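Below, chains carry the letters A, B, ... as their sequence lines are ordered, and counting in each starts from 1. Given the structure is predicted, the values throughout are model-derived calculations rather than measurements.
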Amino acid sequence: MSNLAVIDFETTGATPAMGARATEVAICLLEGGRIVDRFASLMNAGVRVPPFITQLTGISNAMLASAPAADAVMREAARFVGTRTLVAHNAAFDRQFWRAELLRCDLQAPQPFACTVRLARRLYPDAPNHRLGTLAEWLDLPTAGRAHRALADAEVTAQLLGRMARDLDRRHGCTRFDPEVLLALQGAARHKVQACIQQFA
DNA sequence: TGCCAGGCCCTCTTTAGGGCCTT
């Protein structure tokens, strides 16, 4: 499991299109199914955090007042990720903030995104639902830290990814778990998941 | 006061609608 970086944003709202900005980013680099490096930082984008978001994440305006500027954090995050494929739980959400925040820095965002929600729906169709917290509990994944903080959620997502790799190996003899496999699997129609896995086994 | 989006997936679909998931 190389060339993968798990990312999670905390933000002030649902979409940059409505003016929401990132407040925290965390990234875990994976090698061989293990987390080998981490990057996490609050980021001050000069916006107010709605009370609902503070209640959800624990991130307050006071915390952001002393945080480094969003521009500097995103430049460091982009250097940290490099050309790795990014993985996020509900990647459509994190991808739009990754692109929007880097665009503000005049930086490109060429990294492909894989989505653990899409993967989990294909690999664990019997789960009660496919929220990150539910999957962590259902699969008995180790958790550390407060849910809805970026590093804690990124680490749980990385644990979920590792579990998927082990299950693909145990259930299907598929030892490959790289960006190509992830992108193919998440794009496979439900009735073609087995055929897709066999292609890489 | 209450609500606000975007992308993906499923199905009693595709000239559409509703649910899920993220903050």
> Which pairs count as side chain to side chain donor-acceptor pair (under 3.5 Å) when at least one residue sits in residues 39-52 of chain A, sequence neighbours excluded?
Replying inline: none
> B:dT23 P sits how many Å from A:L151 CG, rounded?
Replying inline: 14 Å
>> Please give the distance between the C1' atoms of B:dT23 and B:dA5 as a whole number of Å.
In response: 11 Å
> What's the CZ-P distance between A:R149 and B:dT22, to the nearest Å?
Replying inline: 18 Å
>> We want to know whether A:T116 and A:H89 form a side-chain donor-acceptor pair, criterion being a heavy-atom distance below 3.5 angstrom.
In response: yes
>> I'd like the P distance from B:dC20 over to B:dG2, given in whole Å.
In response: 23 Å
>> Taking B:dC8 as the reference, what is the distance to B:dC12 when you measure between their P atoms (whole Å, please)?
In response: 23 Å
> Which value, in whole Å, describes the distance between the P atoms of nucleotides B:dT1 and B:dG17?
Replying inline: 33 Å
>> Please report the distance separating the C1' of B:dG18 from the corresponding atom of B:dT14, rounded so that it comes out in whole Å.
In response: 15 Å
> When you measure from every atom of DNA chain B, which of residues 60-68 of chain A have a heavy atom less than 4.0 Å away?
Replying inline: none
>> For a quick check of understanding: with a heavy-atom distance under 4.0 Å over all strands, which category does A:T57 fall into, base, sugar-phosphate or nothing?
In response: sugar-phosphate
> At under 4.0 Å between heavy atoms, what does A:D94 touch on the DNA or RNA strands: base, sugar-phosphate, or nothing?
Replying inline: nothing
> Residues two or more places apart in sequence or in another chain: which of them pass side chain to side chain donor-acceptor pair (under 3.5 Å) with A:E76?
Replying inline: A:R79
> Got a sec, which pairs hit side chain to side chain donor-acceptor pair (under 3.5 Å) with one end in residues 8-18 of chain A, sequence neighbours left out?
Replying inline: A:T15-A:Q96
>> Nearest whole Å is fine: how far is B:dT22 P from A:H89 NE2?
In response: 4 Å
> Expressed as a whole number of Å, how far does the C1' atom of B:dT13 sit from that of B:dG19?
Replying inline: 15 Å
> Of all residues at least two apart in sequence or in a different chain, which pass the side chain to side chain donor-acceptor pair (under 3.5 Å) check with A:D71?
Replying inline: A:R75
>> Applying side chain to side chain donor-acceptor pair (under 3.5 Å), can you list everything that pairs with A:E180, at least two apart in sequence or on another chain?
In response: A:R176
> Rounded to the nearest Å, what distance is computed from the CG atom of residue A:L56 to the C1' atom of nucleotide B:dC21?
Replying inline: 13 Å
> Which is true for A:F97 with a 4.0 Å heavy-atom rule: it touches a base, it touches only sugar-phosphate, or it touches nothing?
Replying inline: nothing
> Remaining members of A:F80's ILVMFWY cluster at a side-chain heavy-atom cut-off under 4.5 Å?
Replying inline: A:I7, A:F9, A:V25, A:I27, A:L29, A:V36, A:F39, A:M43, A:V73, A:M74, A:V81, A:L86, A:F93, A:F97, A:W98, A:L102, A:L107, A:F113
> What residues, two or more places apart in sequence or in another chain, satisfy side chain to side chain contact (heavy atoms under 4.5 Å, CB included) together with A:A184?
Replying inline: A:C196, A:F200
> What pairs of residues pass the salt bridge (Lys or Arg N to Asp or Glu O under 4.0 Å) test when at least one of them lies in residues 141-158 of chain A, not counting sequence neighbours?
Replying inline: A:E24-A:R149, A:R38-A:E155
> A:F9 CZ to B:dT22 P: how many Å, rounded?
Replying inline: 16 Å
> How does each nucleotide of nucleotides 3-10 of chain B score, in 5' to 3' order, for protein heavy atoms under 4.0 Å: base (B), sugar-phosphate only (S), or none (-)?
Replying inline: -BBBSSSS
> For A:T54, which residues count as a side chain to side chain contact (heavy atoms under 4.5 Å, CB included) partner, sequence neighbours excluded?
Replying inline: A:V49, A:S60
>> Is it the case that atom CD in A:E137 sees more than 12 heavy atoms from other parts of the structure closer than 6.0 Å?
In response: no
> What integer distance in Å separates A:Y124:OH from B:dC21:C1'?
Replying inline: 18 Å
>> So, OP1 or OP2 of B:dT23: does either fall under 4.0 Å of a side-chain N or O from A:H148?
In response: yes
>> Please list, in numerical order, the residues of residues 131-139 of chain A that have a heavy atom closer than 4.0 Å to any atom of DNA chain B.
In response: A:R131, A:L132
>> For a quick check under 3.5 Å, do A:N3 and A:T85 share a side-chain donor-acceptor pair by atom type?
In response: no
